[in-house]
Amino acid sequence: MSQKTEPTAPGTSEKRRTWDAQSLALVAVFAALIAASALAPGIPVGSFGVPITLQTLAVALTALVLGASRAAAAVGLYLVLGFAGLPIFSGGRAGLQILAGGSAGYIVAFFVGALVLGALAQLVVRRASTRRRTLWFFLAATAVSVVIVHAFGVLGMMVNLKLSWQAAFVADLAYYPGDILKNVVAALAATAVHRAFPDVLVRRVRRA
Amino acid sequence: MSRIELAGVRVTVPVDADSGPREKVVLDGVDAVLAERRVAVVGANGSGKSTLLRLLNGLVEPTSGTVRVDGLDTRRETRAVRQRVGFVFTDPLSQLVMPTGREDVELSLRRRHRDRAARAAAAQEVLDRFGLARLADQSVYELSGGERQLMALAAVLAVEPAVLVLDEPSTLLDLRNRELLRRTLAALPQQVVLSTHDLELALDAERVIVVEAGRIAFDGEPTEAVRFYRDLCGAGSGPL
Amino acid sequence: MRTQRSGGILAGYVAGNSWLHRTPLAWKFLAVLVAGTASFLLLDWRASAAALSAVVAAWLTAGLGLRRLAASSRVVAPLFAVLFAFQWWQQGPATAARIVLNLLLCFVAAGILTATVPLQDLLDSVARLASPFRRFGADPERFALAIAIMVRSIPVLASAFDEVGDAARARGLERSVRARTLPVVLSAVDYARRTGDALAARGLGEADDDTPSA
């Protein structure tokens, strides 16, 4: 109700579209949501110490709720502050050192994945019927986790931990069941958010 | 005294349901000129009074009709309107952006004072004026509800708006803090428009507007307006 | 969404004029970076314990107080306890101690930064990093504001996760990822919208040049 429509005066159409205060707040709060979910205790799976947390769920959710550019900004903000030293990476870690560990690939994948999944979410909102939205959200999230998140994750372990691709693939395999579950929850939650707050993404996409 | 004019204001929100009406009417046929020092708006939850207040500084734009503050259109001249009209929300925690009151007041002053030292001095002056200097460096989470509300008020008044709009400022406060808020408001030089469920606070005003189901149901002298509102609620004719 | 507890280590500026308060931000930032490296470099729990003692000593000599240290650690204590127990089981007591001590080291070091630098200064510095990108559309002012809101929101959302966890337990839903996530997300969106409204009402957060009439 309180969502302000963008001022579209003649002559400003060529101007870079800037976010309004609502978007700024959404980006910042979702960055905080990713941080808060990463601070919940991780469940280390596999032998190479990469913990499963609610974090991947929060990242997928951010993309499905905010759409491409704002989701990328939220993940970017989270990463920059984590690199700068706020203890907000999984397990309370902080700093650029995170890039030296086994999770480096996944960290990079968060950003790329959010961008791609966000774009897909906008497509789903525009094209799919409201009833099918959850299913399409789930399929998009799963495609992105297989093609982007797991691929980057395997690559990261190969580079940093000097694993063979077979070993890295097996280590990464342990995350699939958890990821499927998390993508189901992310799709359901995103649908619920869009029903409760249509002005966050739905109206924005339809207006464009 | 600023002159706030609402002319033929209608506000609707789109409804995304697959069937049924495409939009919901929140406010309709609102015409009013507010130029009194103290105006209170009362009405049931969902009556549209919060939307009415949000119109005043451009947080909500009329779907049709116009809202002007001293001749400035809230839709086209939003920035100028917001410099003139300060807004205080029910929950100060969603309003206070920074972790401490001092930093929040300084945030308000960012546009006004580019120089850090000048900004700090101006913030100190504001905090002293409201007797908040003692609490300024505490986490806003450690303040009591009333202290938080005063801090939020100070952060808004730091930029000296001509009009202050408050959306149910006393709803989350206990009796003592409510009295503190009442005294603080009474002492303000600003023009004040507030919405409230607290009829005592409404009776402090010079003019009371009763909003019911998206329309102005009564507009006038406080004791009469409050009597009207009591009858309205007692008769059970409200939508909720 | 509301929390009575203090903002924890993320929102803990303590006014003062100690040697640590006077130390330039860049040095303190460097110290945090070094502490971050420690969790990858210190491989013996005794070395970690020594480093942690040094950081705690710095905390105390800066007059930040033992009570505040305990209060800010309270937020992470349950997490570290679980981690410690788990790592003991997995890798034995020495490794478990090392991991947890290294984490505490990072936390206290990061805590010193936030306790002795007003958040505004911290933000101004990070936002300055965005200045070179201004011509590509970066706006340091709004970047700083986004950082401020994010940092402020972390304890709010962390306590929302706690509360929702309790509520899920009370209904016997503690194993439901959905019951433990969805209410947090919905309230987060609501919180973001209220924050966005509050920013807009104060004339903050809108870009400087997008209102034609300004």
Side-chain angles (χ1 to χ4, degrees), chain A residues 2-4 7 9 11-12 15-16 18-33 35-37 39-42 44 54 57-58 61 65 73 77-78 80-81 84-88 91-97 100-101 181-182 184-185 188-190 192-193 196-197 199-200, chain C residues 9-10 29 32-33 35-37 39-40 76 78-80 82-83 86 90 103 106-107 109-110 113 126 137 139 142 145-154 156-158 160-161 177-178 181-182 184-186 188-193 195-197 199-200 204-207 209-213:
Chain A
S2 49
Q3 182 71 50
K4 197 172 145 19
T12 57
K15 227 181 231 177
R16 180 174 52 87
T18 45
W19 289 326
D20 51 18
Q22 286 286 346
S23 288
L24 186 85
L26 281 168
V27 164
V29 170
F30 272 84
L33 184 73
S37 67
L39 294 179
L54 289 177
L57 171 59
L61 198 50
V65 168
L77 183 60
Y78 163 74
V80 166
L81 289 207
L86 281 187
I88 52 178
R93 287 174 296 170
L96 285 164
Q97 299 76 20
L181 173 70
K182 281 187 262 183
V184 170
V185 174
L188 286 168
V193 170
F197 305 103
D199 52 351
V200 167
Chain C
I9 211 150
L10 294 180
F29 182 68
V32 173
L33 279 185
T37 330
S39 57
F40 291 85
V76 291
L79 164 70
F80 286 179
V82 170
L83 186 69
F86 180 81
Q90 289 282 300
L103 274 177
C106 284
F107 256 82
L113 188 69
V126 179
D139 180 343
R142 304 179 79 223
L145 194 56
I147 294 172
I149 297 166
M150 177 193 168
V151 171
R152 221 218 84 154
S153 308
I154 294 172
V156 179
L157 292 172
F161 269 115
V177 180
R178 192 183 181 187
T181 315
L182 186 53
V184 182
V185 176
L186 287 173
V189 176
D190 184 51
Y191 173 73
R193 284 160 40 101
T195 304
D197 274 353
L199 289 178
L204 300 166
E206 314 275 347
D209 54 359
D210 70 344
T211 313
S213 60

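Chain A is the first sequence line, chain B the second, and so forth, proteins listed ahead of strands; every chain is numbered from 1. Model, not experiment: these values are computed from the prediction.
Here the closest heavy-atom approach between residue C:G196 and residue A:A21 is recorded as O-CB, 3.5 Å. C:A192 and A:Q22 get closest at one heavy-atom pair: O-OE1, 4.3 Å. The two residues C:M150 and A:Y78 have their closest heavy-atom pair at CE-CA, 4.0 Å. A:A36 approaches C:L157 most closely through the heavy-atom pair CB-CB, 3.9 Å.
With a threshold of 4.5 angstrom between heavy atoms, A:A196 approaches chain C through side-chain atoms but not through N, CA, C or O. Heavy atoms of A:V185 lying under 4.5 Å from chain C belong exclusively to its side chain. Residue contact with chain C, scored on non-hydrogen atoms closer than 4.5 Å, involves the side chain of A:L61 exclusively. For A:F30, the part lying near chain C is the side chain, with the backbone staying farther off; criterion is any non-hydrogen pair under 4.5 Å.
Chain C forms the most heavy-atom pairs under 4.5 Å with one residue out of A:V184, A:L181, A:V65, A:L77, and that residue is A:L77.
No side-chain heavy atom of C:L182 sits under 4.5 Å from any side-chain heavy atom of A:L188.
If you take CZ on C:R142 and CG on A:L24, they are separated by 5.5 Å, rounding to the nearest 0.5 Å. Of the inter-residue distances, the one linking C:D190 atom CG with A:F197 atom CZ reads 4.5 Å to the nearest 0.5 angstrom.
Remark: A:A58 pairs with A:I34, A:S37 by the side-chain contact (heavy atoms from CB on, under 4.5 Å) rule, at least two apart or across chains.
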